[in-house]
Protein chains: 2
Amino acid sequence: MEPYKLFDAEYKFTCLIWDNEPINSTDLVKLCLAELGWKKSTTYTVLRKLCKRGSLRNEEATVTSIVKKEDAQKYESQMVVEKSFNGSLPQFLTAFLGGKGISNEEAEELKRIIEEATKS
Amino acid sequence: MEPYKLFDAEYKFTCLIWDNEPINSTDLVKLCLAELGWKKSTTYTVLRKLCKRGSLRNEEATVTSIVKKEDAQKYESQMVVEKSFNGSLPQFLTAFLGGKGISNEEAEELKRIIEEATKS
DNA sequence: ACAAGAGGTCTATCTCGATAAACCAGATAG
DNA sequence: CTATCTGGTTTATCGAGATAGACCTCTTGT
């Protein structure tokens with residue numbers, strides 16, 4: 001399976017790691033209990049799976065990410081555009097904005113992002 | 001469950017309906033066999049589920065959609081932005097474009113869509 | 001010496017999405 | 001009048017994501 005692909009629970013889990021890495025595995029267990037209500041074995045089960053998939057690494061009880069947040073998000077965004085919008089970003093944007101408006105500030109920000117991607 | 005939410009198989013199925021409605025249910029069975037390789041019972045099972053959910057309607061063997069494509073796409077786009085991008089469209093756009101560029105034409109189109117949403 | 005904690009694995013359960021086989025009632029063509 | 005077609009329903013299987021209980025080994029503080 002693609003190391004970029006993260007299911008719902010996996011994504012929440014990996015977010016905690018991105019925000020705290022490098023993190024000791026026992027600390028991660030505590031963090032997951034606090035933030036997600038997970039038992040120890042759940043944390044280790046998911047951790048092991050994601051390590052096998054190549055998304056994370058756990059070496060000498062230190063957990064770090066191989067796949068970075070930007071990569072996972074990029075993958076996720078492209079997947080949804082592909083699957084539900086024919087691969088068309090304009091179609092996505094149209095659907096997202098559908099009807100409701102946005103502020104001038106946000107519009108400026110969006111246009112800046114587009115400019116940035118155009119001049120390459 | 002939300003009538004807007006469509007799982008993968010359901011989405012493909014509903015796409016056929018959007019493209020062909022109103023459609024006779026027996027014809028839909030044939031269409032699903034041809035396009036998705038589904039058996040008759042599969043088609044009826046999914047159809048019934050989506051009718052119960054309020055996404056589709058099947059009256060006197062005529063199938064029509066209640067939820068329209070734009071609505072489903074809007075829901076889908078907002079879900080992904082919410083769940084994976086903190087509800088931030090700029091964050092989504094940044095991730096999607098991440099690194100690679102876009103053509104001038106596409107950039108213009110995107111900016112036009114943004115303009116459209118701004119002036120309301 | 002021994003209890004407790006760190007760091008894990010193995011196996012299992014539950015739910016649910018995807019798919020289908022089997023069956024059924026009413027209309028209709030030959 | 002009976003074989004076929006239309007228009008379904010009921011029930012089941014299978015895989016996978018989400019979650020966890022039980023157990024295990026090694027180290028360390030008392």
Side-chain angles (χ1 to χ4, degrees), chain A residues 1-17 20-64 67 72 75-76 79-80 83-84, chain B residues 1-17 20-64 67 72 75-76 79-80 83-84:
Chain A
M1 165 124 30
E2 312 254 2
Y4 297 114
K5 173 68 186 167
L6 296 174
F7 294 95
D8 285 29
E10 294 170 352
Y11 181 76
K12 286 180 203 152
F13 172 69
T14 307
C15 275
L16 291 178
I17 294 167
N20 292 279
E21 68 178 328
I23 181 171
N24 165 269
S25 60
T26 295
D27 291 345
L28 181 59
V29 166
K30 287 175 195 156
L31 189 62
C32 289
L33 175 59
E35 299 293 320
L36 306 173
W38 285 9
K39 304 295 176 189
K40 187 178 72 158
S41 57
T42 303
T43 296
Y44 276 111
T45 299
V46 176
L47 176 58
R48 192 163 359 100
K49 194 168 190 174
L50 291 182
C51 285
K52 190 164 297 177
R53 193 184 297 168
S55 314
L56 300 176
R57 183 162 22 214
N58 181 15
E59 274 165 348
E60 293 160 57
T62 297
V63 178
T64 52
V67 167
Y75 178 85
E76 188 62 24
M79 272 301 125
V80 76
K83 278 203 328 185
S84 296
Chain B
M1 164 123 31
E2 311 254 4
Y4 298 115
K5 172 69 185 167
L6 297 174
F7 293 95
D8 285 29
E10 294 169 351
Y11 181 75
K12 286 180 203 151
F13 173 69
T14 307
C15 275
L16 291 179
I17 294 168
N20 293 279
E21 66 178 329
I23 182 171
N24 165 270
S25 61
T26 295
D27 292 344
L28 182 58
V29 166
K30 287 174 195 157
L31 189 62
C32 288
L33 175 60
E35 300 294 318
L36 306 172
W38 285 9
K39 305 296 177 190
K40 187 179 71 158
S41 56
T42 304
T43 296
Y44 277 111
T45 299
V46 176
L47 176 58
R48 190 162 4 95
K49 194 169 190 174
L50 291 182
C51 286
K52 190 163 296 177
R53 194 184 296 168
S55 314
L56 300 176
R57 183 161 23 212
N58 181 14
E59 274 165 348
E60 293 160 57
T62 296
V63 177
T64 52
V67 167
Y75 177 84
E76 189 62 24
M79 271 301 125
V80 76
K83 278 204 327 183
S84 296

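Proteins get letters first, then strands, A, B, ... in listed order; numbering begins at 1 in each.
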Quick note, A/R48 side chain, CB onward, closest among C/dC10, D/dT19, C/dG7 is C/dC10

Answer with base, sugar-phosphate or nothing: what part of the nucleic acid does A/D27 contact at a heavy-atom distance below 4.0 Å?
nothing

Could you check whether the side chain of B/T42 and the base of C/dA18 have a donor-acceptor pair of N or O atoms closer than 3.5 Å, going by distance alone?
no

The test is salt bridge (charged side-chain N to carboxylate O under 4.0 Å, His left out); show your working for A/R53 and A/E2 and say whether it passes.
CA-CA 7 Å; A/R53 193 184 297 168; A/E2 312 254 2; over 6 Å; no

Heavy atoms of B/P3 and B/S55 approach each other most closely as O-OG, 2.8 Å

Take the protein atom CZ of B/F7 and the nucleotide atom P of C/dG17, then report the distance between them rounded to whole Å.
4 Å

Between A/F7 and A/E10, which heavy-atom pair has the shortest distance, and what is it?
N-OE1, 2.8 Å

Mind checking if A/S25 touches a base, just sugar-phosphate, or nothing, with heavy atoms under 4.0 Å?
sugar-phosphate

Regarding the side chain of B/S41, the nearest nucleotide among D/dG8, C/dG7, D/dT9 is D/dT9

Whole-Å distance separating the CG atom of B/L56 from the P atom of D/dG8
13 Å

Check whether any side-chain N or O of B/N20 sits under 3.5 Å from a backbone N or O of B/L16 as a donor-acceptor pair, and report yes or no.
yes

Name the closest nucleotide to the A/Y44 side chain, picking from C/dC10, C/dG8, D/dA18.
C/dG8

Out of C/dT19, D/dA18, C/dA6, minimum distance to the side chain of A/K30 belongs to C/dA6

Expressed as a whole number of angstroms, how long is the span from B/L36:CG to C/dT19:P?
8 Å

Between NZ of A/K5 and C1' of D/dA16 the distance, given in whole Å, is 13 Å

When rounded to the nearest 0.5 angstrom, what distance separates CD in B/E35 from SG in B/C15?
11.5 Å

Can you check whether A/N58 has a side-chain N or O nearer than 4.0 Å to OP1 or OP2 of C/dG8?
yes

Hey, does B/K49 reach any base, or is it just sugar-phosphate, or nothing, if we go heavy atoms under 4.0 Å?
sugar-phosphate

For A/D8 and C/dC16, give me the distance from atom CG to atom P, rounded to whole Å.
14 Å

Over how many whole Å does the gap from A/L47 atom CG to C/dG7 atom C1' extend?
11 Å

For B/N24 and D/dG7, is the shortest distance between a side-chain N/O and OP1 or OP2 below 4.0 Å?
yes

Mark yes or no for a side-chain to base donor-acceptor pair under 3.5 Å between A/T26 and C/dG7, with no hydrogen or angle criteria applied.
no

Atom-to-atom span, CD of B/E35 to P of C/dT19 - whole angstrom:
15 Å

Shortest non-hydrogen contact from B/V67 toward B/G54
CG2-O, 4.1 Å

When you measure only distances, ignoring hydrogens and angles, does the side chain of A/K39 come within 3.5 Å of the base of D/dG21 through a donor and an acceptor?
no

Closest-nucleotide mapping onto DNA chain D: is A/G37 or A/K40 further toward the 5' terminus? I mean the 5' end.
A/G37

Check the distance between C/dG17's P and B/K12's NZ and give it to me in whole angstrom.
15 Å

